[in-house]
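Heavy atoms only: backbone and side chains are in, while hydrogens, waters and symmetry mates are out.
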Amino acid sequence: AQLVEAGAAPETFVALSMDRGADALIAVWAVAKTGAAFVPIDPALPADRIAYMVGDSGAQLGLTVRSRIADLPSGPRWIAVDDPLRSDTDVEVVHSPAVPENPAYMIYTSGSTGTPKGVVVTHRGLATFAADARPELALGTDSRMLRFSSASFDASIFEMLQAFSAGAAMVVAPPHVLGGDELVDVLRARRVTHIVSAPTVLNTVDPAGLPDLEAVVVGGDVCTADLVERFAPTCRFTNSYGPTETTIVVTAGDPLAPGDPITIGRPLDGVVAVVLDRRLRPVPVGFVGELYLGGPALARGYHRRPGQTADRFVANPFEPGTRLYRTGDEVRWTPDHQLDFVGRSDFQVKIRGFR
């Protein structure tokens, strides 16, 4: 209600800058309730990058904690979520006025083209992703989902959607835990059953002492055979793929077993995936081409960057009036209609999930 009074509404952005924890989760739902979109700002990022993201987003409001306000850039009105609520606040005035076409959140890319770009994702995109409650992880009300990913990655939203849509418990890793033995201790002590992670983090984890672990989904970087060898014998291990511009995850494979070919799987329901040559013609099965993605999960585009949006979100030659996102990823179809990732069509590389 205080956010609404301060101007939060559909088509506005609210910056969120706080460490992993209950306050951060509550802040996300508070912004969603107003109809505004949230802009996650990882407080661990360099100060100049935080200042750039806050300024570029145009956010007039921000949520944080009292201890961080002094370190945050001026511009937005920063509200500390750990300040006492006003006694006259009337929560009944908030009615969630957003419609599917409104932005739900904006996440900034890693800046592979020089400066980070804000990717504006709509509620329709989120609804498409969550429509079938993402069966890859098979969560239930007894599950315990790890909240670990940096707010800079949409894997953090994957974690939240999975836990809350299934009525599962969410186990929030302390902010200082980055991987290795510290993460193993959290997984074991809190009996975590489900994880969404980048392969580089999982490479620091020994699954041998984690009897409660039931399912793992990896994405954001190349999944190695060694990782499958270590995790697949003890849990459901699934490889996934999805650029930020197409809402979290757009392809996923069947659970892997040691020795299986590692692909990025098949398109999820509602996802349009085509593999095209340089003249935008479909390539035959087994031939390499660039992956283009479409469907309702497609992001609106890049915030305040019409030229770069037009360059990447192109007209769909097969369905007039719709768009395809040009991923820059080279892939090929396998005979069983899975996608095999080959490499990039440009000079972009990924280091620990960062473009």
Atom CG of Asp142 with >12 non-hydrogen neighbours under 6.0 angstrom: no
Tell me the salt bridge (Lys or Arg N to Asp or Glu O under 4.0 Å) pairs involving residues 270-284, sequence neighbours left out? Asp277-Arg281
How are the rings of Phe129 and Phe158 set relative to one another: parallel (under 30°), tilted (30 to 60°) or perpendicular (over 60°)? perpendicular
Which salt bridge (Lys or Arg N to Asp or Glu O under 4.0 Å) pairs, counting each pair once, include a residue from residues 186-200, with sequence neighbours left out? Asp185-Arg188
Partners passing ring-ring contact (aromatic ring centres under 6.0 Å, His included) against Phe313 (at least two apart in sequence or in another chain): Tyr302, Tyr325
So, using side-chain contact (heavy atoms from CB on, under 4.5 Å) as the criterion, who are the partners of Pro317 when residues are at least two apart? Leu324
Please give me the minimum heavy-atom distance between Thr247 and Gly125, naming the atom from each residue. CG2-O, 3.5 Å
Contacts of type side-chain contact (heavy atoms from CB on, under 4.5 Å), residue Ala232, not counting sequence neighbours: Val228, Phe237, Pro258
State, with a plain yes or no, whether a side-chain heavy atom of Asn203 is found less than 4.5 Å away from one of Arg230. yes
What is the distance from atom CG of Leu63 to atom CD of Gln2, rounded to the nearest 0.5 Å? 10.0 Å
The criterion is side-chain contact (heavy atoms from CB on, under 4.5 Å); which residues satisfy it with Gln60, sequence neighbours excluded? none
I'd like to check the side-chain contact (heavy atoms from CB on, under 4.5 Å) partners of Asp340; sequence neighbours left out, ordered by chain and number. Arg332, Thr334
Looking at every non-hydrogen atom in both residues, tell me the closest pair between Pro255 and Thr238 and how far apart they are. CA-OG1, 4.1 Å
Note, Leu268 side chain near Val250 side chain (heavy atom, < 4.5 Å): no
Between Thr234 and Leu210, is a side-chain contact (heavy atoms from CB on, under 4.5 Å) present by the stated rule, with each step listed? CA-CA 9 Å; Thr234 60; Leu210 302 174; over 6 Å; no
Can you give the donor-acceptor pairs under 3.5 Å from side chains of residues 35-44 to other protein atoms, not counting sequence neighbours?
unit_1	atom_1	unit_2	atom_2	d
Asp42	OD1	Ala44	N	2.9
Asp42	OD2	Ser150	OG	2.7

Looking only at atom types and distance, does a side-chain atom of Thr327 sit under 3.5 Å from a main-chain N or O of Leu291, one as donor and one as acceptor? yes
Residues passing the salt bridge (Lys or Arg N to Asp or Glu O under 4.0 Å) test with Asp71, sequence neighbours excluded, are none
Excluding Val99, membership of its hydrophobic cluster (Ile, Leu, Val, Met, Phe, Trp, Tyr; side-chain heavy atoms within less than 4.5 Å) reads none
Which residues satisfy the ring-ring contact (aromatic ring centres under 6.0 Å, His included) test with Phe287, sequence neighbours excluded? none
Does a side-chain N-to-carboxylate-O contact under 4.0 Å join Arg326 and Asp311? yes
Would you say the side chain of Leu213 lies within less than 4.5 Å of the side chain of Leu187, judging by non-hydrogen atoms? no
Who are the ring-ring contact (aromatic ring centres under 6.0 Å, His included) partners of Trp333, not counting sequence neighbours? His337
side-chain contact (heavy atoms from CB on, under 4.5 Å) between Glu214 and Arg236, worked out: CA-CA 6 Å; Glu214 298 175 10; Arg236 285 170 54 96; over 6 Å; no
Could you check whether any side-chain N or O of Gln338 sits under 3.5 Å from a backbone N or O of Gly253, counting only pairs where one atom can act as donor and the other as acceptor? no
Min side-chain heavy-atom separation Val249-Val217 under 4.5 Å: no
